[in-house]
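Comments concern the structure below.
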Amino acid sequence: MVARAWGHRERLLAFGGLGVLLVVCGAIATATGAADGPAVALTGLALTCWEGLGLWVVSLYRR
């Protein structure tokens with residue numbers, strides 16, 4: 001059986017899921033006092049924003 005290749009939307013959703021996971025882990029690390037917690041959370045936030053922007057651009061091209 002041939003697997004369907006991932007499209008741009010699926011890749012962007014995967015990045016968004018990873019971003020949300022990083023935000024949650026960064027918030028937990030910050031709450032426990034880890035020094036790198038805010039940096040991890042900001043990295044996750046940047047990935048999530050990138051995913052949102054990418055999904056918006058993909059939706060513009062599909063019109």
Side-chain angles (χ1 to χ4, degrees):
M1 176 186 258
V2 177
R4 185 177 149 264
W6 280 29
H8 293 298
R9 185 174 183 275
E10 288 83 7
R11 282 189 220 123
L12 287 170
L13 288 173
F15 276 127
L18 177 64
V20 169
L21 179 67
L22 284 173
V23 168
V24 170
C25 290
I28 292 170
T30 302
T32 59
D36 290 336
V40 172
L42 286 175
T43 302
L45 184 63
L47 273 176
T48 304
C49 290
W50 184 259
E51 179 254 348
L53 180 67
L55 286 175
W56 177 68
V57 169
V58 167
S59 73
L60 286 178
Y61 281 116
R62 289 194 177 173
R63 288 185 190 175

### Query
If you group Ile, Leu, Val, Met, Phe, Trp and Tyr by side-chain heavy-atom gaps below 4.5 Å, do Leu12 and Trp56 land in one group?
no

### Task
Over all heavy atoms of both residues, which pair between Ala27 and Ala41 is shortest? Give the atoms and the distance, please.
N-CB, 4.3 Å

### Summary
Tested for side chain to side chain contact (heavy atoms under 4.5 Å, CB included) against Val23, the lone hit among Leu45, Val40, Ile28 is Leu45

### Query
Do Leu55 and Leu13 have side-chain heavy atoms sitting under 4.5 Å apart?
yes

### Task
Considering non-hydrogen atoms only, spot the tightest contact between Gly37 and Ala29 and give its length.
CA-CB, 3.8 Å

### Query
In Å, rounded to the nearest 0.5 Å, how long is the span from CG of Leu42 to CG of Asp36?
11.5 Å

